[in-house]
Structures are given as structure tokens and as C-alpha cells.
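Report on one structure; see the data block that follows.
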Amino acid sequence: QAQLVESGGGLVQAGGSLRLSCAASGRTFSTYAMGWFRQAPGKEREFVAAINWSGASIYYADSVKGRFTISRDNAKNTVYLQMNSLNPEDTAVYYCAAAVYGVGSQDLNDYDYWGQGTQVTVSS
């Protein structure tokens with residue numbers, strides 16, 4: 001099993017930036033595909049970004065492409081989400097997820113482990 005802990009959320013003004021981190025336990029982290037999802041009040045959880053085990057394959061939702069960057073440091077068992085040019089529509093709880101057999105999926109059902117989420121609030 002794996003445990004994921006997100007951090008780095010907070011309140012930021014529109015146009016600002018935040019960097020989210022997701023720390024994973026276990027030495028097998030380097031074999032997992034990792035993803036970021038978000039959920040706003042009253043809405044379904046939606047895909048944000050994903051990265052395969054090596055970092056060679058990366059995928060973004062159209063809504064964040066060009067503004068967000070996903071990366072990972074397998075030596076630190078950590079995945080990051082750098083968020084730039086934030087706007088109020090980005091306000092949500094952001095979740096980190098791990099897929100044992102995945103290669104970087106947009107489907108939340110392909111993920112096996114989830115973090116508790118971290119709140120991101122963007123003011124206008």
C-alpha cells in the first residue's frame with residue numbers, strides 16, 4: 001500500500017502561483033503513474049494532470065494546459081504541480097493519486113491510492 005499527503009495549498013490572488021506537493025510513502029513510488037485531480041463544490045472530481053513512472057509521458061486537461069506543470073522526483077518520492085496564472089475557476093480541493101499499473105491516465109478509476117486533498121482558493 002501507499003500513503004499520499006498533499007501540501008502547498010492556500011489562498012492566492014488571481015494571476016498568482018502556487019506549487020503543490022504530494023509526498024508518497026514506500027520505495028515502490030518510482031513505478032507508479034501519478035495524477036492530480038480537483039473537485040470544486042457541487043462539481044464532480046475532474047482530471048488535471050498525470051505523469052508516468054519516468055516522467056517521459058505527461059498529460060494535461062485542456063483547462064490547465066500551458067499554465068500548470070506536473071513533475072516528479074522519484075528520489076524524494078514526491079510529485080509536484082506548479083500552478084501559474086491562477087484564476088478563480090481553479091478554486092477547488094486538489095487531490096494527488098497513484099496508479100500501480102497505470103501509465104498516466106485521465107480516468108480517476110484507474111488510480112489506486114488517494115491523498116486527503118489540499119484546498120486551493122483563488123481570489124479575484
Side-chain angles (χ1 to χ4, degrees):
Q1 63 177 346
Q3 290 186 315
L4 310 176
V5 180
E6 302 98 333
S7 62
L11 175 64
V12 64
Q13 293 185 3
S17 299
L18 285 173
R19 188 185 71 166
L20 306 184
S21 298
C22 174
S25 63
R27 66 179 183 272
T28 59
F29 169 82
S30 62
T31 70
Y32 297 166
M34 302 295 297
W36 286 97
F37 294 78
R38 66 186 183 186
Q39 187 167 22
K43 294 188 176 182
E44 294 183 331
R45 191 170 300 185
E46 66 175 356
F47 170 78
V48 175
I51 186 168
N52 81 324
W53 69 272
S54 69
S57 298
I58 294 174
Y59 307 93
Y60 296 102
D62 289 342
S63 59
V64 307
K65 193 172 185 178
R67 299 188 297 122
F68 291 10
T69 302
I70 188 172
S71 62
R72 67 191 298 163
D73 186 340
N74 288 343
K76 296 182 178 180
N77 282 7
T78 302
V79 64
Y80 305 96
L81 185 68
Q82 178 67 46
M83 305 185 294
N84 299 326
S85 301
L86 287 163
N87 60 66
E89 294 184 29
D90 297 314
T91 295
V93 176
Y94 283 71
Y95 297 91
C96 173
V100 174
Y101 301 107
V103 295
S105 176
Q106 300 182 25
D107 187 349
L108 60 85
N109 293 306
D110 289 335
Y111 291 84
D112 302 287
Y113 304 105
W114 293 83
Q116 82 287 352
T118 185
Q119 177 71 48
V120 172
T121 302
V122 184
S123 63
S124 60

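Under the 4.5 Å side-chain heavy-atom criterion for grouping Ile, Leu, Val, Met, Phe, Trp and Tyr, Phe47 is not connected to Met83 through any hydrophobic cluster. Leu108 and Tyr95 fall within the same hydrophobic cluster, defined by Ile, Leu, Val, Met, Phe, Trp and Tyr side-chain heavy atoms under 4.5 Å apart, directly or through other members. Taken together through direct or relayed side-chain contacts under 4.5 Å among Ile, Leu, Val, Met, Phe, Trp and Tyr, Tyr32 and Val5 form parts of separate hydrophobic clusters.
With sequence neighbours excluded, the residues forming a side-chain contact (heavy atoms from CB on, under 4.5 Å) with Ala75 are Asp73, listed by chain and number. By the salt bridge (Lys or Arg N to Asp or Glu O under 4.0 Å) test, Arg72 pairs with no residue at all, sequence neighbours left out. Under the rule for a ring pair (Phe, Tyr, Trp, His ring centres under 6.0 Å), Trp53 has no partner lying at least two apart in sequence or in another chain. Judged as a side chain to side chain donor-acceptor pair (under 3.5 Å), and not counting sequence neighbours, the contacts of Ser105 are Asp110. Applying the side-chain contact (heavy atoms from CB on, under 4.5 Å) test to Arg19 and every residue at least two apart in sequence or in another chain returns Ser21, Tyr80, Gln82.
With contacts defined as side-chain heavy-atom distances shorter than 4.5 Å, the pair Arg67/Asn87 qualifies. Residues Leu20 and Thr118 are in side-chain contact: their nearest non-hydrogen atoms beyond the backbone lie under 4.5 Å apart. Contact check for Tyr111 versus Val100: no side-chain heavy atoms found under the 4.5 Å cut-off. At least one side-chain heavy atom of Leu86 sits less than 4.5 Å from a side-chain heavy atom of Phe68. At least one side-chain heavy atom of Leu18 sits less than 4.5 Å from a side-chain heavy atom of Val120. Within the 4.5 Å cutoff, side-chain heavy atoms of Trp36 are placed close to those of Glu6. The shortest distance between side-chain heavy atoms of Tyr60 and Ile70 falls below 4.5 Å.
Taken to the nearest 0.5 Å, the OG atom of Ser57 stands 9.0 Å off from the CD1 atom of Ile51. Rounding to the nearest 0.5 Å gives a distance of 9.5 Å between OG1 of Thr91 and CD of Glu89. Note that CG of Asn77 is 7.5 Å distant from OG of Ser30, once rounded to the nearest 0.5 Å.
Aromatic ring orientation, Phe37 versus Trp114: tilted (interplanar angle from 30° to 60°).
Of the possible polar contacts, none joining the Ser85 side chain to the Gly15 backbone as a donor-acceptor pair under 3.5 Å is found. Between the side chain of Thr78 and the backbone N or O of Lys76 there is at least one donor-acceptor pair closer than 3.5 Å.
Listed here is the closest heavy atom pair of Ala40 and Ala92: N-CB, 3.8 Å. The heavy-atom pair separating Cys22 from Leu4 by the smallest distance is SG-CB, 3.9 Å.
Sorted by first and then second residue, the side-chain hydrogen bond (donor to acceptor under 3.5 Å, both in side chains) pairs with a member in residues 39-50 read Arg38-Glu46, Gln39-Arg45; sequence neighbours excluded.
Met34 pairs in a side-chain contact (heavy atoms from CB on, under 4.5 Å) with only one of the listed residues (Asn52, Val79, Leu81), which is Val79.
For Gln116, the CD atom is densely surrounded, since the number of other residues' heavy atoms within 6.0 Å is greater than 12.
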